[in-house]
Amino acid sequence: MGFQKQEALQKIERDVFSKIINECISRKVDFVLMPGDIFHVNIPEMSVQKFAFSMFRKLYEENIPVYVVYGSHDFSPVSNSVIDLLAEIGYITKVTQATSTDDGIIHLEFITDKATGVKITGLAGLKVGKDRDWYEVLDRQSLESEQGFKIFLFHGAISDMKVEYGASGDYMPLSLLPKKFAYYAGGHLHKFNHQKFSDYPHVVYPGTPFAGYHADLEENAKGQKRGFVMVEFEQTIRNVEFIPITNTTYNIIEIDADNRKSESVNQELQEKTTDSDSAEKIVIVKIRGEMTTGKTSDVNTSNVRDHLVKSGALAVNISRNSLTSKEYTITGATGNSRDEIESNVFKENVGQLRFSQKKLLNDEGVNLAKKLLRQLGQAQLVNEKKNEYLERVKIESLATLEVD
């Protein structure tokens, strides 16, 4: 929750989560497991928090416990997360209760679900793929020797799961997880994945319920199912079922620009968007390939976006990262220092651009580009909010360009 920035997508994001909570209540589940990345950041904006609290309160009032671990997005090393607020008032229970010894070994405690007697433990997800460091010093022996029906929550990408995409950072081998657990509830990967291994009977990723990356929207448009996982168990796992949850309808428009002129690409783009039925849909526009003439900026996507929005599209996502042009190709440069390399790169490539403003060309243009690069790359200040940081960088950059 909190990833989407467009209002229409925010509504879908919340509708999907609400459907899942209501489904859990109607099915009278014993408890809910959430293996991280409940939120896009550790402290999301207030509207996201208010919605989340209302949803978790519904589960609380139905006496349905919720067991969670941090994900790589909502992780906080000092327990400074909205997850900790939810845990403080009793709406959820943080599973990770780790202690370390003088020799650096990490020991985990089990939490026992009162109604079922299930024993639950797990490890939080860390940022930048540092999870592996924790797992390598985990006291797996005591976890494996514990008797009873056990569940392990974790947040990280397992290399043995053979996934296509949906995780950033390092993958880790399955062998780092403790053995002899009935069920392994995994977070981080964005597609549903359920696999069985000899020492790990059920390793399950439910995937994102809607979209945690922009690429997820494209997968949805191509038919990727989203939802959550329902598990039936007694002494052992009886059934693991993926429950799909509908989100919205999509329209995907794909343009192959390979060996074409920018004018031809623009014409097809206009025709396809004009003829498309985009009302009340998320529209995905993908433009890829290498054009023979024209710059990539000559492909006019702003008019396309405006037309689709006026046609009633819920949201428009335009991807042109795979669009290149033979007419304009960035070349590399060498140098003895970072400053010299940057200068040489700009000098070698600025000549390929056509500008009427002289200050954008030659040495003056190179110096302006270097100054702008510095401003765009400056770090966020301590205690500076993200929106304040972005606004400051924008104002300073526009001032450098002498643009109001």
Side-chain angles (χ1 to χ4, degrees), residues 3 5-6 41 127-128 168-169 213-215 218 255-267 269-270 284-306 309 316-404:
F3 170 74
K5 303 307 175 187
Q6 299 182 54
V41 292
K127 296 209 180 270
V128 202
S168 58
Y213 290 153
H214 293 295
E218 183 182 337
I255 306 293
D256 185 359
D258 217 27
N259 295 316
R260 298 171 63 184
K261 297 180 179 180
S262 58
E263 295 87 348
S264 172
V265 174
N266 278 325
Q267 182 177 351
L269 189 58
Q270 183 178 0
I284 312 293
V285 180
K286 285 203 67 175
I287 312 169
R288 59 176 177 266
E290 185 179 44
M291 299 186 300
T292 54
T293 60
K295 301 191 296 294
T296 56
S297 59
D298 291 336
V299 177
N300 192 339
T301 55
S302 59
N303 287 346
V304 168
R305 184 185 298 276
D306 291 342
V309 170
V316 180
N317 187 1
I318 298 177
S319 172
R320 47 189 294 167
N321 296 334
S322 300
L323 177 65
T324 59
S325 174
K326 293 179 181 178
E327 183 175 320
Y328 177 61
T329 305
I330 293 290
T331 60
T334 59
N336 296 320
S337 67
R338 173 179 172 175
D339 183 73
E340 186 178 349
I341 293 172
E342 287 176 354
S343 297
N344 290 338
V345 168
F346 285 129
K347 284 178 182 177
E348 290 190 16
N349 291 284
V350 73
Q352 298 192 51
L353 302 173
R354 296 187 293 273
F355 292 122
S356 58
Q357 300 94 333
K358 291 184 179 180
K359 67 179 181 180
L360 298 179
L361 300 172
N362 303 319
D363 289 342
E364 191 175 359
V366 169
N367 292 333
L368 179 63
K370 289 175 64 178
K371 186 176 181 181
L372 186 62
L373 181 64
R374 293 285 181 270
Q375 289 176 329
L376 293 173
Q378 61 184 300
Q380 189 171 345
L381 300 176
V382 177
N383 296 327
E384 185 179 33
K385 295 180 179 178
K386 185 177 181 180
N387 59 337
E388 295 173 342
Y389 162 69
L390 294 175
E391 184 66 17
R392 176 171 61 83
V393 172
K394 182 177 73 172
I395 291 173
E396 292 177 2
S397 300
L398 291 176
T400 297
L401 293 170
E402 298 180 7
V403 176
D404 292 334

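Numbers for residues simply follow the sequence, beginning at 1. Because only heavy atoms are used, hydrogens play no part in the values below, and waters and symmetry mates are left out as well, while side chains stay in.
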Check: Roughly how far apart are F346 CZ and N367 CG, rounded to 0.5 Å?
Finding: 10.5 Å
Checklist line | From OG (S322) to NZ (K286), nearest 0.5 Å | finding: 6.0 Å
Which residues pass the salt bridge (Lys or Arg N to Asp or Glu O under 4.0 Å) test with [X], not counting sequence neighbours?
{"X": "K370", "answer": "D339"}
{"X": "E384", "answer": "R392"}
{"X": "K359", "answer": "E402"}
{"X": "R320", "answer": "none"}

Next item on the list: Could you walk me through whether E391 and K385 pass side-chain contact (heavy atoms from CB on, under 4.5 Å), step by step?
Entry: CA-CA 10 Å; E391 184 66 17; K385 295 180 179 178; over 6 Å; no
[X]: what forms a side-chain hydrogen bond (donor to acceptor under 3.5 Å, both in side chains) with it, not counting sequence neighbours?
{"X": "T292", "answer": "none"}
{"X": "N259", "answer": "K326"}
{"X": "D306", "answer": "none"}
{"X": "Q357", "answer": "none"}

Please name all residues satisfying side-chain contact (heavy atoms from CB on, under 4.5 Å) with [X], sequence neighbours left out, ordered by chain then number.
{"X": "K5", "value": "none"}
{"X": "Q270", "value": "T274"}
{"X": "L398", "value": "K394, V403"}
{"X": "V265", "value": "I255, A257, R260, I287, M291, V299"}

Item checked: Chi angles and distances behind the side-chain contact (heavy atoms from CB on, under 4.5 Å) call for Q375, L372 -> CA-CA 5 Å; Q375 289 176 329; L372 186 62; 4.2 Å; yes
Check: If you look at every heavy atom in G294 and S262, which pair is closest and at what distance?
Finding: CA-OG, 3.9 Å
Note to self: How close do V366 and S343 get, counting heavy atoms only, and between which atoms?
What the structure shows: CG1-O, 4.1 Å
Margin query: Using the rule given for side-chain contact (heavy atoms from CB on, under 4.5 Å), can you reason through L368 versus L360, listing the C-alpha separation, both sets of side-chain angles and the distance that settles it, and then say yes or no?
Written below: CA-CA 7 Å; L368 179 63; L360 298 179; 3.4 Å; yes
Next item on the list: Could you go through the side-chain hydrogen bond (donor to acceptor under 3.5 Å, both in side chains) check for N300 and S302 one step at a time?
Entry: CA-CA 6 Å; N300 192 339; S302 59; 2.9 Å; yes
Notebook entry, point to check: Any side-chain heavy-atom pair from E218 and Y213 closer than 4.5 angstrom?
Noted result: no
Next item on the list: With the side chain counted from C-beta on, respond yes when T400 and K371 share a heavy-atom pair under 4.5 Å apart, and no when they do not.
Entry: yes
Next item on the list: In sequence, state the C-alpha distance, the side-chain angles, and the governing distance for T293 and S325, and then conclude on side-chain contact (heavy atoms from CB on, under 4.5 Å).
Entry: CA-CA 7 Å; T293 60; S325 174; over 6 Å; no
Checklist line | Side-chain donor/acceptor of N266 to backbone N/O of D298, under 3.5 Å | finding: yes
Next item on the list: Kindly say whether E290 contributes a backbone atom to a donor-acceptor pair with the side chain of D258 at under 3.5 angstrom?
Entry: yes
Check: Would E388 and Q380 satisfy side-chain hydrogen bond (donor to acceptor under 3.5 Å, both in side chains), going step by step from the backbone distance to the final call?
Finding: CA-CA 9 Å; E388 295 173 342; Q380 189 171 345; over 6 Å; no
